[in-house]
Every structure is written in C-alpha cells, then in structure tokens.
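Just so you know, ligand 1 is whichever comes first in the structure, and atom 1 is the first atom listed for that ligand. Any value given below was found using the heavy atoms of this structure, including those in side chains, with hydrogens, waters and symmetry copies removed.
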Amino acid sequence: MLGLTAPAIADTPLPRIETKGGRHALFVDGTPFLILGGQAHNSSNYPAMLPDVWPTIRAVHANTLEIPVAWEQIEPAEGKFDYSWVDALIPQARANNVRLVLLWFGSWKNTSGSYQPEWVKADLKRFPHMMTRDGKTHYVPTPLSRNNLEADKRAFVALMRHIREIDPDHTVIMVQPENEVGSYGSPRDFSAEANRLFAGPVPAELARKLGKSGTWSQVFDRKADTAFNAWYTARYIDEIAAAGQAELNLPMYVNVVTSDPGDPKAGEGGGASGGADWPMLDVWKAAAPHIKIAAPDIYDRDYRVVNGKFGKMARADNPLFVPELGNDLPFARYFWLALGKGAIGVSPFGMDPTYSNYPLGGLNTPENLEAFASKFALMAPIARDWAKLAFDHPTIGFAKGDDASDQSAVLGRWKIKAQYGAWAFGDPNATWMKMPTNPTRDQPVGGAALIQLAPDEFLLAGSEVRISFERGRTSVGWPWTLHDRRGRHVRQGAMGDETPLEWRSDRLWVEPDEADFAQGSVRQVSLIFYRTQAEGGRDEPQTVPRG
Ligand code: DGJ
C-alpha cells in the first residue's frame, strides 16, 4: 500500500538557499543559480495565456518565470481541488527550458483577499476581516482568524503536495506564499480580540530576539500597531509555509512593499502596515523562520530610494532578491546595482504583452524589452558562474544616480569609479579634448556589477558605464593601460549543464583607444575579466576562473 502512494523519489537535489560569510546563493540542481526572471501579469495564470507568455520570456532571455497560482482557481469549491493550471504550466516551462517561481495568491494579494475563493469571500462570519479603529469592517482578511489560516493552509498544502507529485526534477525552484501583505488605511486589526492581545506582552520569542520585553506599545512605541500586525501576519504565513514545506521543501520568500528609507515615519502605520518592510525585518525574522527572504518589489525610479531600499533589505540574514522590478527602461540599470549587492535574482514585472501597468511600470515597447533583454542576454550563459563567484567573493554594484554624477566605492584595496555619459578617450573630465555631450548623458541608463575574484582581479559586467580603478594614492585612471579581454561567453548548454566556464574572445583588447571600458559599453553591454595592474607587477593574460 505504502509503495503505491509514495511520491516519486526525485534524483534532483531540492533547490535551497545557502548563506556563508554574509553572502547568499540559491542552489538549483545542486549548484548556484542566478534568477534572470520575468514575472507574468496577474491574470496570465491560465493555460490560454501561456502562448503569449513564452515568447516574451524567451525574448528577454529569462531563465525563470514567476507566475501566480490563485487559491480561487485551485479550490473553487470547498475541498474540491483543480490542478489543471499547474498541470499545464509545469511541462510547458520544462519544454521552454525555464524554471518557475510560483506566487500563491491566497489570503492576501496586494493586502486584499481578492484571490480568495467565492466561498471564502462570501462568508465574513466564518472568514473575518480586520476591524478598523472606529469599528468598521476593513477590506483586509485578519491574520488573527484560525479559520482563515486553516482554510488557506489546507489549499496551499494540497498545491505543494501536487507539485511534489508532478515535478520530481524541480522545475519549480521557489514559492512565494501570499503577495504583498499588510494593511493600507488601518495599521492593524482593532477587533476586541486584537485589542486584548495588543494590550498584553509581546510574545516571548520576539522579546528574546529583540532583547526587550513589555507590552507592544512599550517595546515598539510609535511602531507598535505595525509591529503587532507584522508579527501576526508573519506567524500566519510561516505556519502555511512550514506546512507546505513538509510536503515539498522548497525555499519560500515574501514580496514586500517597502518604505522610503528617507522617511522618518517609516514603520509607523503608513504604507502596507505589517508587511516585511525594513523597519519590521527583525520582527519577521523572529516570527517566520520558514520564510528565507523578505524581497522588495521595486517600482521607484529614483536612484536614492532604490539604493536605500537595497541597502536596507540586503542583510546577512536576508538575501537580496528583487521579485518585481518595474519593466520600464529606467528601472533596468538597477539590475546591475542589485547584482552588486549580491542579489540571487532580479525579475521585471509584467513580462507578457497581455496588459501593461504603465505608468507604474512600462509600456510594452521594444525599447523597454531590450533594456532588460540586452543585460539578461549577456548574463544568461554565465548566470551560474556569476552566482557561484558572487557567493565566494565580494561584490559591488553601481547604477547611474539621478544627477548622473561620478560614483565611487572601495573594494579591498581598490577604489572603483563609475562614470556615466562618457565617450572613449579617457576621463570625461579631462580637458585635453573638447568632447560633445554624449547622448546617454541625460538618459536614465548605466550601471555595473563587479566581483573581486582576487585582490587585483575583477569580473566586471555593465552597460553604458565607464569604470576605472585607483589604488591607494596611485591612480590607475587609464583603464586601457591594463589588459582586459572582452568577448562573449560561449557555453550554451541545456539547463543544469555543468560544462566549465569557457571564455572566448576573438581578440585581446589592449589598444588604448578601443580598450577603454567606455568604448565598449556606452552603447552596448559589455562583460570583461579585468586584472588590475599591481604596483610593480606586470600584466598577464587572463586565466578564466572556473565556475
Ligand atoms: C505589486 C504586486 O505584487 C503585483 O502583483 C502587481 O499588482 C504590481 N504591484 C502592480 O502592477
């Protein structure tokens, strides 16, 4: 009997997230994997939509599709499950050589219960919502209801069990339980039961983690309402995630509406109060050990805000993953910034032509697609190598700021400078030649990511940027005096192919004019292995690190 019901034993190792020395990697098929993702539109979760989805995913050179699975489509009638959507999706993903991240639209989608089945939505008595401070029913299902949790959990567990049965080779690599949780317009549930809990002490696990005890107000002061909602929402999702992982132990993450890091009132009840926003990250880490990542959705065009959000969310206990990035051209440069902050993946949102969320994101134009496709095309063949090297070595990233000014950062003993809107022929600030304004000067483009492979050796990828190196007080500001090789990576094997990284370049770029990084990158994307010239040392031809 047992033998008949046991699931297929998978030979493929389970995807997992590993952390070492503050850096993170997503392992897929046993080796690091960089998600070059595309998220489909919210209503593309039907087999009839897939013919519109795959061409865009292919065109953008994505290796992963993020796509919803809605509770209302899986359990349209209570206890009756319909898996036809994932049954259609998973084989097509395999055939397209693309991995999947499934987005569970359960109790909450952009905080509301819009994807709950009708039988849940229609029964507010059994499946209650939060109450507002003045006693009105709020639009958000309450995380304090056991009925809400049990019903959602049962459906999620059924889904995870089914995926285990139909996906032994782990086409599905991660799962996002719920979507952008929290509550707009009311910072928490103010029902009688919620108020009773709120007046009591914070739970012991949380007090231990924070090293503070007392009531919610004593511990969190003006952030008390938000912290209370964060704790109960995170506990709810953690219980669902744990039950799902008991069926199929895939890494799980939540996507997050994040506050502006410059907002002095962040965490005080505004925005999606209770989500895993950066002011609440410690609360979430204590409450939800089965959720590996709190992942920021990025719809800010402003460099200061994006850089600040990445800085807050990329932590030793929280890998950076960008599950949604606006798909308009100005967002594309943040791909480099995210990689430089050690991201395990980046995924523009709305990567099928069935709809457009402009002006939040972009219109479905060839220019917008190309802004992402050019970068993904460059990185796709070396995505696993990049992920492995970035797991083992320090990384740093740049994206053009709002004023396009020069930026610099220190990596080991090198100061690295990024300049934008530059021509070849050296430092754009040099006065020896009058240079016309570069057309990219005022465009929101440009960025780079670097991995420091050895003290004086870097792997550098970028677009529309000029990178130069300085060491101590010695300027190595003439990048072309140093050997670099550029070319393209040629491994084009099937998914999971472990052929070692092989670098081919049809020529060695040492000629001063042409080798300036600006030349190769002003209009197109470039990737180089770059060995800086050690003082007193000599340049040597590159050896390519093995991934
Ligand atoms: C963030 C949500 O997570 C997405 O599902 C989508 O609704 C976008 N906002 C807006 O298009």
Side-chain angles (χ1 to χ4, degrees), residues 35 37-46 49 52-53 56-57 60 62 64-73 85 89 100-116 139-141 152 174-185 233-234 237 252-260 270-278 284 291 293-302 305-306 309-310 313 320-332 334 338 345-365 368-369 372:
I35 293 182
Q39 184 167 148
H41 283 294
N42 291 157
S43 303
S44 299
N45 57 326
Y46 291 89
M49 293 298 111
D52 282 325
V53 171
T56 312
I57 291 299
V60 78
T64 304
L65 169 68
E66 299 176 357
I67 196 158
V69 180
W71 184 4
E72 49 92 14
Q73 74 182 145
W85 164 229
L89 172 67
L100 291 170
V101 171
L102 297 184
L103 318 173
W104 173 241
F105 287 3
S107 296
W108 297 292
K109 161 66 175 72
N110 299 12
T111 74
S112 91
S114 45
Y115 285 86
Q116 290 174 319
Y139 73 96
V140 181
D152 187 337
M174 283 214 289
V175 176
Q176 175 196 293
E178 315 301 338
N179 190 89
E180 287 196 348
V181 299
S183 166
Y184 292 108
T233 306
I237 296 176
M252 298 198 185
Y253 74 94
V254 289
N255 65 331
V256 187
V257 180
T258 42
S259 305
D260 181 340
S273 172
D277 194 3
W278 54 266
W284 269 78
I291 298 296
I293 312 175
D297 288 345
I298 299 293
Y299 290 96
D300 311 277
R301 286 174 165 79
D302 183 342
V305 178
V306 177
K309 288 184 173 183
F310 285 174
M313 300 299 282
L320 182 63
F321 173 48
V322 186
E324 294 181 33
L325 177 66
N327 62 350
D328 207 8
L329 181 145
F331 294 98
Y334 297 129
V346 174
S347 182
F349 176 87
M351 299 311 283
D352 63 73
T354 62
Y355 175 74
S356 154
N357 67 353
Y358 178 83
L360 187 67
L363 293 167
N364 297 317
T365 63
N368 285 340
L369 186 69
F372 292 92

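Atoms of ligand 1 lying under 4.0 Å from at least one heavy atom of N255, given by number and element, are 3 (O). Proximity to N179 (heavy-atom distance under 4.0 Å) selects the following atoms of ligand 1: 2 (C), 3 (O), 5 (O). Proximity to Y299 (heavy-atom distance under 4.0 Å) selects the following atoms of ligand 1: 8 (C). Residue-ligand proximity, E180 to ligand 1, at heavy-atom distances under 4.0 Å covers atoms 1 (C), 2 (C), 3 (O). In summary, the atoms of ligand 1 found under 4.0 Å from a heavy atom of D297, numbered by their order in the structure, are 3 (O).
With hydrogens left out, the protein atom closest to atom 10 (C) of ligand 1 is L360 CD2, 3.5 Å, a heavy atom. At the shortest separation from atom 7 (O) of ligand 1 among protein heavy atoms lies N110 ND2, 3.0 Å. For atom 11 (O) of ligand 1, the nearest protein heavy atom (residue, atom name, distance) is N357 ND2, 2.9 Å. Atom 1 (C) of ligand 1 has its closest protein heavy atom at E324 OE1, 3.0 Å.
Between K309 and D260 there is no salt bridge, since no side-chain nitrogen of the basic residue lies less than 4.0 Å from a carboxylate oxygen of the acidic one.
A donor-acceptor contact shorter than 3.5 Å is absent between the side chain of W284 and the backbone of I291. No donor-acceptor pair closer than 3.5 Å links the side chain of D352 to the backbone N or O of A40.
In this structure, E66 CD and Q176 CD are separated by 7.5 Å, a value rounded to the nearest 0.5 Å.
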Which is it for S107 and D152 under the side-chain hydrogen bond (donor to acceptor under 3.5 Å, both in side chains) test, yes or no, and what are the steps along the way? CA-CA 6 Å; S107 296; D152 187 337; 2.5 Å; yes
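With hydrogens and angles left out, the side-chain atoms of T354 and D52 include no donor and acceptor closer than 3.5 Å.
Residue H41 places every heavy atom at 4.0 Å or more from ligand 1.
Between F310 and Y334, the ring planes are perpendicular. Angles over 60° get that label, and only those under 30° would be called parallel.
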